[in-house]
Structures are given as C-alpha cells and as structure tokens.
Amino acid sequence: MNAQPRPPPSPMLRIFEDLKARVASAMERAYPAAAAEALLRSGRLDPQLVVASKPEFGDFQANGALALAKPLSQPPRQIAAAIVAQLVADPAFGALCEPPQIAGPGFVNLTLRPELLAAELRERLGDPRLGVPSVALATGSAGKPPVPVVVDFSSPNIAKEMHVGHLRSTIIGDCLARVLEFRGHPVLRLNHVGDWGTQFGMLITHLKQVAPEALTTADAVDLGDLVAFYRQAKARFDADGAFQATAREEVVKLQGGDPVSRRAWQLLCAQSRREFQQLYDRLDIRLSERGESFYNPYLEGVVDDLDAAGLLVTDAGARCVFLEGVSGKDGQPLPLIVQKGDGGFIYATTDLAALRYRFAPPPNGDGAGRIIYVTDAGQASHFAAVFQVARRAGWVPEGGRLEHVPFGLVQGEDGKKLKTRSGDTVRLKDLLDEAVERAGADLRRRLTEEGRHETEDFISHVATTVGIAAVKYADLSANRNTNYQFSFDRMLALQGNTAPYLLYALVRIGGIARRGGEMGAAAAAGESFTSEACPFPDPLQFIEAQEWALARQLLQFDAVIASVEEELLPNRLCTYLFELSQVFNRFYDQVPVLKAEEPARGSRLALCRLSADTLRLGLGLLGIPTLERM
RNA sequence: GGGGCUGUAGCUCAGCCGGAUAGAGCGACGGUUUCCUAAACCGUAGGUCGUGGGUUCGAGUCCCGCCAGCCCCGCCA
C-alpha cells in the first residue's frame, strides 16, 4: 500500500539486449575481417540471439555461427568455438552467464547465472508493475509527454442490438487498450458507433408512419421493437422506390439539422446507448462514445483537401480517389468513393475525417501517434484504401502508426457463422447469459459431488466471473487472424487452455496463502512493499527443477507484454499465462511449500507470490477479474 | 477477373528475425490422492505441416505455381 518509488527494475529484456551486444562484440573480436565486411553491407554481424527452444539448451541460444560458416568457409562448430573463446574472456559476459555450451551443428547455448535469476526475481517482489517499465515515467522525465494512442473498437450500430459480431472487436480492443495503458500510453478508447447515415433515414421515415411516438417520446418502444422496425425499414428501402426517395430526403434533413429529425435521432441514440452500456458494464469495459456523427462537420473539409491535393476525380457522378496498386476487373484502378453522385457522404469519408482528426494536433484533433482499428478481417481492403488515401493526402504525421487489427469470424461448432437454432443472429446478452448459466450449473454439480456448501452469493459471484471470463478468454486465446469456433463446452472446460484452468491456479495459491502464516499472507499478493521491507529470504534459494522452471517462466513476463504492445496479438499473453499456470501446477504438485524448511519455504512462497501477481496482472490485462476461491 | 485471410495430430489450436527430434489442449488408453482445493499431476499412442517447385548450411516459417475453404471488390457500414 505504501510503496515507495523505486529505481526501475532491470527487466529481462535489458539483460537480453546486453547479452546480444556481448555476443555481437565477441563475434567481431573473433572475426574482425568478416565484421568489417558486414559493416559495409548490412550493418553488424548478427548474433541471432533468441530464447532457447528447449529448457535443456539453457536460457538463450546464439545461432549466428551457423550463418558465418559459408562466408568464412569454416565448419560452424569451429566458428562457434572461436566466439565462445571470446565470450569467456569477457568479464561482463561472465557476470551474466555460465560458461557457454556449443551444441548440435554450431549453436551456442547460454545459461544465465542462477544468482542473477534469483536476484531479478526478488527485485519484482512487491513491485506492482512486475518489472514492466512505463513509457510515461520514462519519457516524463525527459519532458516529452507520451503520445496518445487511439484504439477504435466495439462500434455497434444505433438502433440495433449488440450481437455476437461485436464480441471480438469489443474484447480484443479492450485487451489491447489495457496493455497499452499499462505500458503508460495515454489511450483513447473510441467507440465509433454507427449513428449516422442512410440507415437513419430509413428508420425515421418508417417510424413516422408506423410508430411516431418513438420519435417524440423517450423509450416509447423498447430496443427489441426498434430492431424489428429497423428490419422492416430495410426491407421497404430495398423494395420500394418511393420509400427510398423519402428516406434519402430524411437523411438530408437530419444532416441539415432539421429539429424534428434531430430530436428523433437523439432519442434513438440515447436509448441504444443505455442498452450498450449495460453490456459494457457487465464486461467491465470502458469506452468513450464518439460516433460517426461527430465527424459530420469535417466531411466537406476532407473532400476539399483531397481536391486541393489533386487526388479527387469525378467519375460517373461520384467523387473519388483512384487507388494505386489496386486494380479491378478490367485492370483499371479501383476508386475509393468519398462523395456520392447525390452529394451525400459515405463511410469512407467519415473514416477519412476520423483518421485526420485523430492525427491532427489539439485543440482540433487528438494528436495521436498511433491509431488502431479493431474490426473484422472483411474490412481489410477498405482500411488499406483509406490508409493509402490518408497517406497520399499527407494526413499521417512523421512516424505516425496506422494499424488495422483484423480478426476472423465467430463460427458455430458446425464451422458456419454462429446463429441461433432458429437461424437468427445471436444476441450478445443471450450469449453471456448462457455462459454464466452454464458456469453456475457446473459449479452446483461440483459442490454437490464434493459435499461442499456455499452461499448463493458465492455461487452467483463465481458463476458470473467464470462465465464471462470463459467467453473473453476463449476469444483472446485464439490467434485473432483466423475464424474462431465458438463452443461453450470447450471454453468452460476445467482443463486445458481455458479461463477456469487459469483461475484455478490462482485459487490454489490462495489456498497456500491462507495456511501459510505471516509470510503466507505476503504470498497472497496485492500488497506492495519496498525492497527493504520484503519479508522473503535474501537471496532466494532454489534447488528443484520445478522451482527453476517457474522462476524462468515468471521472468518472461516483460518480454511478453512488449510483444503484445508491438504486435497487438492478445493470444501471446494468453499462451504465456497458460504456460505459467501449467508450470505452477507442476511445481505445486511436486514441490511442497508450507512443509519445507527455510530458506526453501520462504523462497517457494516468493514464487507463489510472484505467480499470483503475474496471473492476476496478466488476466487483468485481458480484462478478466480473478477469484480467491471457486 | 482482381485482392485478402486460412489450410499443421481424430477434434480445437500454438508455433516469435528461417534454427536442434514440429508443440499444447481436448478426445482415446494407462497411472497418481494419509500431504497446501485431484477444477490437478505423470505417462502412452497419434503428423507426407494442403500440394508441386525454388532460395538457403538449414524451410511449417521466405519466394513462385497449383488445389481447397472463407471473405472483400463504385456510390451500405
């Protein structure tokens, strides 16, 4: 609670970088001529240092010797030996690693000194960041504030219910935002809701005729009815030319600020907003709504700017920008339409306006340095087009990053797009309800089998936490690029790469902590303390293989976070946490903690504490809260 | 027609800058509980990495062709 500021801990990433420099320098000393030549061509000799592929190979392996075999016309093992000779002569290297081993065709295997690992681990005890540096602290001292990152996700449509199609964007986007926030970036979580455009013309026109009260009185009809009205409106729009014309006029009125249309629109938005919020609350997701309508005042400026930049072409009545490197059927370049023949703007215009606004400096912009769009993979070509036009228009600042984070479809167990039995779209609310219900039924069955008695509050809390966690984790743990098969049975399974398995690992640590006396309480996690007040042994002492395996796994956390921050793949974090749980469960199974003698007991409790902290923090970054008991 | 994504064990999926004998989980089969929650752990079986070329000391990974599935392609979002 009363954590003092401490010097930034030395994360494993820095050790890795140090080591890479040491090996590179050893290679240069061993082969100065080759190094000089490499300098001319492509830079330095590459040590090709990577994390060891198997535990028996140590912590890292340098593969650089193999690549030198050909240019040097020497056997790779001989090259490896020359590099190793230089390494052992380097005291800085010796401080980090045990003597290197040459293996296989010429791999150089490196093992970090155990006392270094133990010290690194102890450094993380009581550190709420677990060794992960914050860019806010790092750049704050230099006087340069960190640049905002926009994460654009979820984005449901007004007057429609959130359905399974919004699940992945919402969950993945939230996770990425959490990771970026944890790293210290100011994150703008933007909900680019569909609150503008043709569909409102349709809906308002239809409602004026069939349910006018919905347009003047708040909540006169509920959202379910609204969805039905929307469907009817769409059908009429597609079938009836006169209706279509009226709907288009309605859009013009709305966009022109007609008070009646405007009022109707606001009521529809407010009602949808409340419905969305219920789901966001359940999922514990925070979002700032900034819908398409927000950019309405900027649309004309976008088109004018494109015109001024010489990019705009009028083709068949529509104003568009022809894309470079994208050709259609007849080999002609494809256009991105920004203004329809009738003068109306479309989503591409809105997306361009949003992009420009987000990169633009305040006060008339967000001043973002990175924009991340979390939408389904089907929109890949649309975003590629928008990004290209934005770059050509000069709206992307120097170093500005523009990333589409695509994801695959949610499919049913039949491999087709997920539908209800009656063939309807699955509502997000129903999906979450069922997950919680199934988790509850599971829990009750187990309680009966084991003769346990728990309160209704406990059961409901565990069922809710496990159910929601299972849905989120199942989504995040699959590589987002591929379609993913939704299965309640699999995601709620108690074994395997699932939320319940991870949550249970944490519960086991809770069990140790409850019976572990004073130091056990410290192992329970949550409380911060200074290095001086650290109740665990100094140094930590490990002897068992399972202890070292767990220690090494724990120390990889910072590298995993860095990878997710960069590559925006939440499944990397899931895989890591699953492996951590597995390693912990092996440790728990094979190494007694509370019955051990000091200093093994305290050292093992320290491992428990760090395992709990890492799981809790990692799951938290996935948007998943944890349990003490289950 | 053009473009994108995908294809790895019976099923669901990992596989990071190209590196050692391709990994998990489920399912199957077999084992483990006087001990911190067995919602766990250990073991066995299971693979022409869609396919054919190429590059490389080395290819599931990079390049080209082909096959299959899904998705996108001018005034919807």
Side-chain angles (χ1 to χ4, degrees), chain A residues 46 48-54 57 61 63 66-70 76 103-107 109 155 157 194 196-199 234 237 292 315-320 326-331 334-342 344-348 350-351 375-382 384-385 406 408-409 411 413 415-417 442-443 446 450 452 477-479 481-485 487 489-490 493-498 500-501 503-505 507-516 520 559 563 567 569 571-572 574-575 578-579 582 585-586 588-590 592-595 608 629-630:
Chain A
D46 185 0
Q48 297 195 28
L49 190 69
V50 295
V51 173
S53 56
K54 288 187 178 184
F57 300 150
Q61 59 186 65
N63 303 332
L66 294 163
L68 284 177
K70 186 99 188 259
F107 300 106
N109 291 339
S155 309
N157 289 318
W196 209 239
T198 319
Q199 74 264 29
K234 174 89 171 96
F237 186 86
E292 296 173 338
D315 190 76
R319 311 186 78 189
C320 45
V326 185
S327 48
K329 295 179 180 34
D330 39 12
L334 278 176
L336 179 72
I337 293 181
V338 295
Q339 193 166 20
K340 300 188 283 185
D342 66 5
F345 301 109
I346 58 170
Y347 62 97
T350 308
D351 282 341
T375 82
D376 67 281
Q379 297 187 46
S381 42
H382 165 67
L409 269 73
Q411 299 176 320
E413 289 181 70
K416 294 183 187 146
K417 197 170 169 181
D442 243 40
L443 178 60
R446 193 181 339 277
E450 296 172 9
R452 279 170 63 189
S477 59
N479 183 322
N481 291 308
T482 55
N483 293 344
Y484 116 87
Q485 215 175 81
S487 162
D489 287 336
R490 272 203 299 273
L494 310 165
Q495 53 279 101
N497 189 5
T498 66
Y501 179 86
L503 290 171
Y504 178 64
V507 163
R508 290 183 120 180
I509 301 173
I512 293 177
R514 278 192 295 276
R515 287 170 174 74
S563 143
E567 297 177 53
L569 289 170
N571 68 303
R572 293 267 164 81
C574 294
T575 301
F578 174 55
E579 285 169 356
Q582 284 184 307
N585 275 328
R586 264 172 229 142
Y588 180 94
D589 196 62
Q590 291 162 32
V593 176
L594 295 178
K595 290 192 300 185
C608 290
R629 296 194 305 123
M630 62 192 278

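Hydrogens, waters and symmetry mates play no part in the numbers below; they use all other heavy atoms, side chains included. All chains are named by letter (A, B, ...) in the order of the sequence lines, taking the proteins before the strands, and each is independently numbered beginning at 1.
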message: Can you tell me if A:Asn479 touches the phosphate of B:rG15, counting only side-chain N or O atoms and a distance under 4.0 Å to OP1 or OP2?
response: yes

Of the listed B:rC41, B:rG74, B:rA14, the closest approach to the A:Arg586 side chain comes from B:rC41

>> Taking only side-chain N and O atoms of A:Thr498, does any of them lie within less than 4.0 angstrom of OP1 or OP2 on B:rA39?
In response: no

For B:rC35, does OP1 or OP2 lie under 4.0 Å from any side-chain N or O of A:Tyr588? no

On RNA chain B, more 5' by nearest nucleotide between A:Leu594 and A:Leu49 is A:Leu49

Margin query: Quick check on B:rG25: is either OP1 or OP2 less than 4.0 Å from any side-chain nitrogen or oxygen of A:Gln582?
Written below: yes

| message | Check this one for me: any side-chain N or O of A:Asn585 less than 4.0 Å away from OP1 or OP2 of B:rC41? | response | yes

key: B:rG46 to B:rC73 separation - P atoms, rounded to the nearest Å   = 47 Å

Polar pair under 3.5 Å, donor/acceptor by atom type, side chain A:Asp376, base B:rA77: no

Of B:rC41, B:rA14, B:rC35, the nucleotide closest to the side chain of A:Thr575 is B:rA14

Are A:Gln199 and A:Phe237 side-chain neighbours, meaning at least one heavy-atom pair lies under 4.5 Å? no

- Task: Kindly confirm whether the side-chain ring of A:Phe57 is stacked on the base of B:rA20, judged by centres under 5.5 Å and planes under 30°.
- Result: yes

request  = May I ask you to evaluate whether A:Lys70 reaches the phosphate of B:rC57, defined as a side-chain N or O under 4.0 Å from OP1 or OP2?
outcome  = yes

From the candidates B:rG25, B:rA39, B:rG74, the one with an atom nearest any side-chain atom of A:Pro335 is B:rG74

inquiry  = Need one value for A:Tyr501: base, sugar-phosphate or nothing, where a base atom within 4.0 Å counts as base even if backbone is also close, heavy atoms only.
reply    = sugar-phosphate

| request: Using the P atom as the reference point in each nucleotide, state the distance between B:rC13 and B:rC70 in Å, no decimals. | output: 16 Å

Is there a side-chain contact between A:Arg508 and the phosphate of B:rA38, meaning an N or O under 4.0 Å from OP1 or OP2? yes

Against the side chain of A:Gln590, the closest entry in B:rG15, B:rC13, B:rC41 is B:rC41

Picking from B:rA20, B:rA77, B:rG74, the nucleotide nearest the side-chain atoms of A:Ser53 would be B:rA20

Original post:
Is a donor-acceptor contact shorter than 3.5 angstrom present between the side chain of A:Glu292 and the base of B:rA77?
Top reply: no

- Query: For A:Gln48 and B:rC17, is the shortest distance between a side-chain N/O and OP1 or OP2 below 4.0 Å?
  - Reply: no

The Watson-Crick or G-U wobble partner of B:rA14, with both key distances under 3.5 Å, is none

Picking from B:rA77, B:rG74, B:rG19, the nucleotide nearest the side-chain atoms of A:Ala67 would be B:rG19

Exercise for review: Decide yes or no for A:Leu409 and A:Asp376: does some side-chain heavy atom of the first lie under 4.5 Å from some side-chain heavy atom of the second?
Suggested key: no

- Using the C1' atoms only, state how far B:rG52 lies from B:rA14, rounded to an integer number of Å. 27 Å

Check: Reckon A:Arg572 has a side-chain N or O less than 4.0 Å from the OP1 or OP2 of B:rC16?
Finding: no

request  = Write down the distance separating the C1' atoms in B:rA45 and B:rG3, rounded off to the nearest Å.
outcome  = 43 Å

Against the side chain of A:Ile346, the closest entry in B:rC76, B:rA39, B:rC36 is B:rC76

- Classify the nucleic acid contact of A:Asn63 as base, sugar-phosphate or nothing, counting any heavy atom under 4.0 Å across all strands shown. base

For A:Thr575 and A:Asn571, indicate whether the former's side chain and the latter's backbone hold a donor-acceptor pair under 3.5 Å. yes

A:Ser477 side-chain N/O to A:Cys574 backbone N/O, donor-acceptor pair under 3.5 Å:
no

Under a 3.5 Å limit on both distances, the Watson-Crick or wobble mate of B:rA38 is none

Which whole number of Å gives the distance between the P atom of B:rG27 and that of B:rC11?
16 Å

Testing B:rA20, B:rG25, B:rA77 for proximity to the side chain of A:Ala103, the answer is B:rA20

Using Watson-Crick geometry (N1-N3 plus N6-O4 or O6-N4) or G-U wobble (N1-O2, O6-N3), each under 3.5 Å, B:rC70 is paired with B:rG4

Requested in this report: For B:rG4 and B:rG65, measure between their P atoms and round to the nearest Å.
Outcome: 11 Å

(request) Side-chain contact test, heavy atoms from C-beta onward, threshold under 4.5 Å: evaluate it for A:Phe107 versus A:Leu66 and give yes or no. (result) yes

Its glycosidic angle compared against 90° from 0, B:rC17 adopts the form syn

key: Gap in Å between the two P atoms, one belonging to B:rA24 and one to B:rC67, rounded   = 36 Å

*Determine whether A:His382 and A:Thr375 make a side-chain contact, defined as any pair of heavy atoms from C-beta on separated by less than 4.5 Å.*
no

Worksheet entry | Gap in Å between the two P atoms, one belonging to B:rU6 and one to B:rC29, rounded | 36 Å

If pairing means Watson-Crick or G-U wobble with both distances under 3.5 Å, then the partner of B:rU44 is B:rA28

Of the listed B:rA77, B:rA40, B:rG23, the closest approach to the A:Gln199 side chain comes from B:rA77

query: Can you check whether A:Ser53's main-chain N or O pairs, donor with acceptor, with A:Gln61's side chain at less than 3.5 Å?
result: yes

* Asked: Side chains of A:Pro76 and A:Leu68: does their closest heavy-atom pair fall under 4.5 Å?
  -> no

Quick note, A:Ser381 side chain, CB onward, closest among B:rA77, B:rC72, B:rC13 is B:rC72

Nearest-nucleotide check on RNA chain B, A:Arg629 vs A:Gln379; residue mapping nearer the 5' end is A:Arg629

